[in-house]
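Comments concern the structure below.
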Amino acid sequence: MADTPHGSPVHDALVERLGAAIVHGEHPAGSRLLTTALAESSGASRSAAREAVRVLESLGLVQVRRKAGIEVLPVEQWNVYAPEIIAWRLDGPGRARQLHELGELRGAVEPLAARLAAANATDAQRQELVAAALGMARHDQQAAEAEYLDADVRFHRTLLSASGNPMLGVLGGVVQAVLEGRTRHALMPHEANPDAVRWHRDVAFAVASGEADAAFEAMSRIVSESDAAIDEVVGEEFAGTAGERERSEPGRRGQSLR
């Protein structure tokens, strides 16, 4: 079989299939996998299988051990901020917990980012925040559609970057994965909550005018409303999975996700 290059459809499909299987618990921590078996089961070349394993290794999902094969690692070693892992978790049995954990992260990070952005944002970033907030308002009757999502993603990524703190800025991909997953899994209403749309505008104008406290307060309202809205949709699912953590994600204890 001819080698399949990195980034080919076969390679990407193998990364997607194996990564999702690990995250969904089909290959528990400590499981051993063989490159030859992965290649044969997927119809890929050994070279493509090795490249796929390298991608998963970079995400902390597996570790290649000489003469021992590929070992699946416990969740504590995963790069849980990687958009790929977030997407796989949102696609699997741990969706409700993932949303809750991410909500907790956003609640801690985004109000702080808004406060910092009021002091540190560039003129271009202030303008982009206002434009994104107005874009959300323009499409608020189609909140589950691509135009609203695009404006929402632009708003939150710009806000985190505008904080001036690179440690916060790199979380833009995490928040984007949450927003995209919310839309992909039909967790967004057709019409946006008018309060949430107004609060995005409040954040944008507070940052634009350098009002740090007002930006912090409005952003706090946004993440609280988002959490409450998701609770209405997945609260029952979260309650049902909270007592089954080891079954849904083997090896993980004492954590919750948004």
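For the atom pair CD of Q77 and CG of N79, the computed distance is 12.0 Å after rounding to the nearest 0.5 Å. Atom CG of L18 is separated from atom CG of L61 by 8.0 Å, given to the nearest 0.5 angstrom. L129 contributes atom CG, which lies 5.5 Å from atom OG1 of T158 (distance to the nearest 0.5 angstrom). For the atom pair CZ (R17) and CD1 (I22), the distance works out to 10.5 Å, reported to the nearest 0.5 Å. With rounding to the nearest 0.5 Å, the separation of CZ in R106 from CG in L102 is 9.0 Å.
In this model, no donor atom of one side chain and acceptor atom of the other lie less than 3.5 Å apart for H139 and E145. For the residue pair H185 / D91, a side-chain donor-acceptor distance below 3.5 Å is found, with atom types taken as modelled.
A donor-acceptor distance shorter than 3.5 angstrom exists from the side chain of H24 to the backbone of W88, with no hydrogens or angles considered. Here the side chain of E110 pairs no donor or acceptor atom with the backbone of S220 at under 3.5 angstrom. Under the 3.5 Å distance criterion, the side-chain polar atoms of R126 are matched with a main-chain donor or acceptor of V207.
Of all heavy-atom pairs between W78 and L73, the closest is NE1-O, 3.1 Å. Among all heavy-atom pairs drawn from A114 and V203, the shortest one is CB-CG1, 4.4 Å. Across all non-hydrogen atoms, the minimal contact from T35 to I70 is OG1-CD1, 3.6 Å. The two residues L59 and I85 have their closest heavy-atom pair at O-CD1, 3.6 Å. Here the closest heavy-atom approach between residue P83 and residue G173 is recorded as CG-O, 4.1 Å. Across every non-hydrogen atom of R95 and L90, the tightest pair is NE-O, 2.7 Å.
Under the rule for a side-chain hydrogen bond (donor to acceptor under 3.5 Å, both in side chains), D150 has no partner lying at least two apart in sequence or in another chain. Residues passing the side-chain hydrogen bond (donor to acceptor under 3.5 Å, both in side chains) test with Q63, sequence neighbours excluded: R65. For D140, the salt bridge (Lys or Arg N to Asp or Glu O under 4.0 Å) test picks out no residue, with sequence neighbours left out.
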- Message: Show, in sequence, the C-alpha distance, side-chain angles and deciding distance for H190 and Q142, and conclude whether the side chain to side chain donor-acceptor pair (under 3.5 Å) test is met.
- Response: CA-CA 5 Å; H190 180 69; Q142 297 87 34; 5.2 Å; no
- Query: Hey, mind stepping through Y148 and M188 against side chain to side chain contact (heavy atoms under 4.5 Å, CB included) and telling me if it holds?
  - Reply: CA-CA 11 Å; Y148 184 91; M188 282 294 291; 3.9 Å; yes
- Item | Chi angles and distances behind the side chain to side chain donor-acceptor pair (under 3.5 Å) call for R50, S45 | CA-CA 9 Å; R50 283 194 294 270; S45 67; over 6 Å; no
- Can you check side chain to side chain contact (heavy atoms under 4.5 Å, CB included) on R138 and V197, steps first, answer last? CA-CA 10 Å; R138 197 159 49 244; V197 174; over 6 Å; no
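Counting only residues at least two apart or on different chains, no salt bridge (Lys or Arg N to Asp or Glu O under 4.0 Å) pair has a member in residues 201-211.
Side-chain atoms of R46 and T36, non-hydrogen and from C-beta on, do get closer than 4.5 Å to each other. Side-chain atoms of H156 and M219, non-hydrogen and from C-beta on, do get closer than 4.5 Å to each other. Residues R182 and S226 have side chains in contact (heavy-atom distance under 4.5 Å, counting atoms from C-beta outward). The shortest side-chain heavy-atom distance between E16 and D12 does not fall under the 4.5 Å cut-off. At a threshold of 4.5 Å between non-hydrogen side-chain atoms, the residues V175 and R157 do not count as touching. When side chains are defined from C-beta on, E180 counts as touching L149, because their heavy atoms get closer than 4.5 Å.
Cluster annotation: Y81 and V178 are assigned to the same hydrophobic cluster (Ile/Leu/Val/Met/Phe/Trp/Tyr, side-chain heavy-atom contacts under 4.5 Å, transitive). Using a 4.5 Å cut-off between side-chain heavy atoms of Ile, Leu, Val, Met, Phe, Trp and Tyr, with links allowed through other members, L160 and F216 fall into different hydrophobic clusters.
Hydrophobic cluster membership of V130, counting Ile, Leu, Val, Met, Phe, Trp and Tyr whose side-chain heavy atoms lie under 4.5 Å apart directly or via other members: L134, F205.
Checking each of S42, S41, P9 against L14 for a side chain to side chain contact (heavy atoms under 4.5 Å, CB included) leaves exactly one that passes, namely S42.
For the pair R54 and E57, the salt-bridge criterion is not met [side-chain N within less than 4.0 Å of a carboxylate O].
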I'd like a table of donor-acceptor pairs (distance under 3.5 Å, sequence neighbours excluded) in which one partner is a side-chain atom from residues 117-125, with atom names and distances.
| residue | atom | partner | partner atom | Å |
| --- | --- | --- | --- | --- |
| N120 | ND2 | L116 | O | 3.3 |
| N120 | ND2 | S163 | O | 2.8 |
| T122 | OG1 | Q125 | N | 3.1 |
| T122 | OG1 | Q125 | OE1 | 3.4 |
| Q125 | OE1 | T122 | N | 3.0 |
| Q125 | NE2 | S161 | OG | 3.4 |

